[in-house]
Enquirer: 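My questions will all concern the structure given below.
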Amino acid sequence: MATEVRTRYAPSPTGYMHIGNLRTALYEYLIARKYNGKFILRIEDTDQERLVEGAVDVIYKTLKMAGLQHDEGPDVGGDYGPYIQSQRKHIYMEYAKKLVEMGAAYYCFCTRERLAELKAQQEAAGQTYRYDRRCLKLSREEVERRLAEGQPFVIRQKMPDTGKTSFEDVVYGTITVDNSELEDQILIKSDGLPTYNFANVIDDHLMRITHVVRGNEYLSSAPKYNLLYNAFGWEIPTYIHVPLIIKESGQKLSKRAGDPSFEDLISMGYLVEAIINYVALLGWSPGTNQEFFTLDELVEAFDIKGISKAPAVFDINKLTWMNGEYIRKLPLEKFHEYALPYYKKVITSEKIDLMKISKLLQPRTEVFSSIPSMIGFFQELPEYSTELYIHKKMKTTEESSLESLKAAVPVLEALSTWNEQAIQDALLNLAQKMGIKNGQMLWPVRTAVSGLAVSPGGAIEIADILGKEETLRRIKIGIEKLENAKK
RNA sequence: GGCCCAUUGGUCAAGUGGUUAAGACGCCGCCCUCUCACGGCGGUAACAGGGGUUCAAAUCCCCUAUGGGUCACCA
């Protein structure tokens, strides 16, 4: 029986999900599903100083919203728990001590003060900081004595003095570094908790992770992990380092710089499905021209071979387009449901049929948050200049517009039923009777009822939504404006 | 600065020694049309530079340049 594929998403609980993290989680999920494996959630909370209240709940909520359900994790359990690193403290210590016994690690009692001093000295001498291995030379008895005294300590990994270390990455190939480049990194901190660099190796092994997916900022740390795997004699997982997602200026996306997180995008009116779809395509290509994928289709199409090496710019422009495509494919009722909260922000009038507005807006909406600015005129006629009535292509002038509006009033007033069909018949018949083009009638009416140069929908749709009374009121305002302009 | 990684249009990207170098976003134009949008059609624009290898190089090798990552008791 082949080993079961197991991937893991291992966020630190910071309270929100970066776009890069989302994509990493997505790829991990896809690989697990693709091979009928397991997708595991592990919380990396070994930095006690950076804990954020409620952040773990945010992670559960976000994964659920994104549709990336995990098979094992703190909330759903599993055979390899606990899945929260702070609850595994004793495990790391135990393995660290084993490394010490094997001579692959050692206790270090250097204080932060001494390290800071060392760093300052080395930098003053124009060197890069590097631990000087002072504690490596401590005798066994000396170490025992200090431990017995209860002196604070950390445990450091002892790097080989010579040689090279290589590791295989499925995306980047073989990467080799000189062991002399490697520092004796800290595995266990003085608070007894492990660093990420240690915990990830222990946990990935104990949780039987087969495919490690992470951002390529870990590429240069990977050799150190292999040294640990080798010291323990453990099997090395398949490494999949994915290219960074960056912004146009070339830097890595960061919350601090105001770059949107997953939840930001949601609140800006992007659909989960569109975000997932777009993000899947950053740094990965299916090798075909297909660019619309459901999550299930991604599982089907995903292939590690399609992951690229070069960083990808997060282009909100293209995401916006894609979101628009998703919006247009929505059933009208669904669109309406999503749009409703945005309508409520500007429309309070009970007389307006919001479903009709949805029909108008669905093909014109790319992001829900842009809705309020498009529909304010339904609630209240904006102030506008009579120059709006002049349209070269429509062959309308202020004079011709005035005539059209004046002629439209009685015709519309005479209507007993008020709907699109009736309004259209009335206005187009009138245009024909007057011997003018449709546009010469409809453009002035659209202008009068919207007060805008650009509006979603035309004269007929808007008039229908506004209702007879409000439509006539607005047309009369238009007439008044045009007459005043003549003087 | 040391080490590691990357480099196809403005952006996402296909390509794996022989192609007119796909496709998508954006932008521009045309059509549809009462404005805008949708939709349809068309256009714009790329192999970072230099050396090799080869009959042949976007594809292989070297150098340079540029960009990024990493050098914490963060992850």
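This structure is a prediction, so every number in the text was calculated from the model and none was measured. Here is the naming used below: chain letters follow the sequence lines, and residue numbers restart at 1 for every chain.
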Enquirer: So, does K224(A) get its side chain near the phosphate of U70(B), meaning an N or O under 4.0 Å from OP1 or OP2?
Expert: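 Looking at the OP1 and OP2 atoms of U70(B), neither is under 4.0 Å from any side-chain N or O of K224(A).
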Enquirer: Identify the nucleotide, in any strand shown, that forms a Watson-Crick or G-U wobble pair with A75(B), with both distances under 3.5 Å; if there is none, say none.
Expert: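 The base-pairing partner of A75(B), which may sit in any strand shown, does not exist here.
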Enquirer: Compare the minimum distances between each of A6(B), A22(B), G69(B) and the side chain of N289(A), then state the nucleotide with the smallest one.
Expert: A22(B)
Enquirer: Give the nucleotide from the list U35(B), G68(B), C73(B) with an atom nearest to the side chain of W443(A).
Expert: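 My answer, after comparing the listed nucleotides, is U35(B).
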Enquirer: With a 3.5 Å cut-off and no angle check, do the side chains of N277(A) and Y326(A) form a donor-acceptor pair?
Expert: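 Yes, because at least one side-chain N or O of N277(A) sits under 3.5 Å from a partner of the opposite role on Y326(A).
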Enquirer: With a non-hydrogen cut-off below 4.0 angstrom, is I460(A) in contact with a base, only sugar-phosphate, or nothing?
Expert: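 The residue I460(A) makes base contact.
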Enquirer: Between C3(B), U35(B), C73(B), which one does the side chain of V177(A) approach most closely?
Expert: C3(B)
Enquirer: I'd like to know if D204(A) and R42(A) make a salt bridge, using a cut-off of under 4.0 Å between side-chain N and carboxylate O.
Expert: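 R42(A) and D204(A): salt-bridged.
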Enquirer: Are the ring centres of Y278(A) and W284(A) closer than 6.0 Å?
Expert: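 No.
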Enquirer: Are OP1 or OP2 of A37(B) and a side-chain N or O of T365(A) less than 4.0 angstrom apart?
Expert: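 No, T365(A) has no side-chain N/O under 4.0 Å of OP1/OP2 on A37(B).
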Enquirer: Among A75(B), C34(B), A6(B), find the nucleotide with the atom closest to the side chain of Y172(A).
Expert: A6(B)
Enquirer: Does a side-chain N or O from W321(A) land closer than 4.0 Å to OP1 or OP2 of C25(B), or not?
Expert: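 For C25(B), OP1/OP2 do have a side-chain N/O of W321(A) under 4.0 Å.
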Enquirer: To the side chain of R328(A), which of U11(B), G39(B), C73(B) is closest?
Expert: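 Given the options U11(B), G39(B), C73(B), the side chain of R328(A) is closest to G39(B).
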Enquirer: Between U8(B) and G49(B), how far apart are the two P atoms, rounded to whole Å?
Expert: 11 Å
Enquirer: Whether R130(A) contacts G2(B) is assessed here as follows: a side-chain N or O lying under 4.0 Å from the phosphate OP1 or OP2. Is that the case?
Expert: no
Enquirer: Establish, with yes or no, whether the OP1 or OP2 oxygen of G1(B) is under 4.0 angstrom from a side-chain nitrogen or oxygen of Q127(A).
Expert: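 Answer no for this pair, as no side-chain N or O of Q127(A) is under 4.0 Å from OP1 or OP2.
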Enquirer: With a 3.5 Å limit on both atom pairs, tell me what G17(B) is paired to, counting Watson-Crick and G-U wobble, or say none.
Expert: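 Paired with no nucleotide.
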Enquirer: Find out whether the Lys NZ or Arg CZ of K97(A) is both under 6.0 angstrom from the six-membered ring centre of Y95(A) and within 45° of the ring's axis.
Expert: no
Enquirer: Remember a base hit wins even if backbone is also touched, and classify T195(A) as base, sugar-phosphate or nothing at under 4.0 Å, heavy atoms.
Expert: sugar-phosphate
Enquirer: Write down the distance separating the C1' atoms in A21(B) and A57(B), rounded off to the nearest Å.
Expert: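 Rounded to whole Å, the distance is 13 Å.
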Enquirer: Which pair of non-hydrogen atoms, one from L281(A) and one from E291(A), has the smallest distance, and what is that distance?
Expert: CD2-O, 3.5 Å
Enquirer: Give the rounded distance in Å between these two atoms: CD1 of I390(A) and P of C34(B).
Expert: 21 Å
Enquirer: What is the separation between atom NZ on K393(A) and atom C1' on C31(B), rounded to the nearest whole Å?
Expert: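 It is 10 Å, rounded to the nearest whole Å.
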Enquirer: Ignoring the backbone of P363(A), work out which of G69(B), G2(B), C38(B) is nearest its side chain.
Expert: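 Of all the options, the side chain of P363(A) is nearest to C38(B).
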Enquirer: Measure the distance from CH2 on W284(A) to P on A24(B) and round it to the nearest whole Å.
Expert: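 Interatomic distance, CH2 of W284(A) to P of A24(B): 18 Å.
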Enquirer: Between A72(B) atom C1' and F198(A) atom CZ, what is the distance in whole Å?
Expert: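 In whole Å, A72(B) C1' lies 18 Å from F198(A) CZ.
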Enquirer: Determine whether the aromatic ring centres of Y270(A) and F262(A) lie less than 6.0 Å apart.
Expert: no
Enquirer: Has the side chain of R364(A) got a donor or acceptor that lies under 3.5 Å from a partner of the other kind on the base of C36(B)?
Expert: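 For R364(A), whose side chain was compared with the base of C36(B), there is a donor-acceptor pair (under 3.5 Å).
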Enquirer: Could you please name the partner base of U11(B), counting Watson-Crick and G-U wobble pairs only when both distances are under 3.5 Å?
Expert: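 Base partner found: A24(B).
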Enquirer: Let's see if you can work this out: which of C12(B), A75(B), C5(B) has an atom nearest to the side-chain heavy atoms of V313(A)?
Expert: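 Between C12(B), A75(B), C5(B), the one nearest the side chain of V313(A) would be C12(B).
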Enquirer: Is the closest side-chain donor-acceptor distance between Y239(A) and N226(A) under 3.5 Å?
Expert: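 Distance-only check passes for Y239(A) and N226(A).
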Enquirer: What integer distance in Å separates Q185(A):CD from C73(B):P?
Expert: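 Atom CD in Q185(A) sits about 10 Å away from atom P in C73(B).
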Enquirer: Would you indicate, yes or no, if G68(B) has its OP1 or OP2 atom less than 4.0 angstrom from a side-chain nitrogen or oxygen of K252(A)?
Expert: no
Enquirer: Can you say whether a donor on the side chain of S220(A) sits under 3.5 Å from an acceptor on the base of C4(B), or the other way round?
Expert: no
Enquirer: Looking only at side-chain N and O atoms, does E44(A) offer a donor or acceptor that is under 3.5 Å from a partner on S12(A)?
Expert: no
Enquirer: Base, sugar-phosphate alone, or nothing: which one does A310(A) contact when heavy atoms must sit under 4.0 Å apart?
Expert: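 Sugar-phosphate, backbone atoms only, no base.
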Enquirer: Ring centres under 6.0 Å, that's the criterion: do H18(A) and Y16(A) meet it?
Expert: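 Ring centres of Y16(A) and H18(A) closer than 6.0 Å.
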Enquirer: Taking the minimum atom-to-atom distance to the side chain of E44(A), which one of A24(B), A75(B), C73(B) wins?
Expert: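 For the E44(A) side chain, the nearest candidate turns out to be A75(B).
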Enquirer: Using Watson-Crick or G-U wobble geometry with both distances below 3.5 Å, tell me the partner of A48(B), or none.
Expert: U64(B)
Enquirer: Applying a 4.0 Å non-hydrogen cut-off, can you work out what E325(A) is touching in the nucleic acid: base, sugar-phosphate, or nothing?
Expert: sugar-phosphate
Enquirer: Between L282(A) and E248(A), which is nearer to the 5' end of RNA chain B once each is assigned its nearest nucleotide?
Expert: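 Whichever sits nearer the 5' end wins; that is E248(A).
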Enquirer: Which whole-number value in Å describes the distance from H391(A) NE2 to C34(B) P?
Expert: 11 Å
Enquirer: Please measure how far the P atom in G17(B) lies from the corresponding atom in U59(B), and state the result in whole Å.
Expert: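 My reading of the P atoms in G17(B) and U59(B) gives 12 Å.
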Enquirer: To the nearest angstrom, how far is F293(A) atom CZ from G23(B) atom C1'?
Expert: 12 Å
Enquirer: Any strand counts, and the cut-off is 3.5 Å on both contacts for Watson-Crick or G-U wobble. Which nucleotide pairs with C38(B)?
Expert: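 The base-pairing partner of C38(B), which may sit in any strand shown, does not exist here.
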Enquirer: In whole angstrom, give the distance that lies between atom OH of Y218(A) and atom C1' of C71(B).
Expert: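 Taking atom C1' of C71(B) as the reference, OH of Y218(A) is at 15 Å.
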Enquirer: Considering only A6(B), C25(B), U35(B), which nucleotide approaches the side chain of M394(A) most closely?
Expert: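 Nearest to the side-chain atoms of M394(A), counting from C-beta on, is U35(B).
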Enquirer: Looking at U70(B), which nucleotide sits across from it as a Watson-Crick or G-U wobble partner, both distances under 3.5 angstrom, or is there none?
Expert: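 By the stated definition (distances under 3.5 Å), G2(B) pairs with U70(B).
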Enquirer: Heavy atoms from C-beta onward define the side chain here; which of A75(B), C3(B), G68(B) lies closest to that of Q251(A)?
Expert: G68(B)
Enquirer: Looking at K119(A), does any N or O in its side chain come under 4.0 Å of the phosphate oxygens OP1/OP2 on C73(B)?
Expert: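 No.
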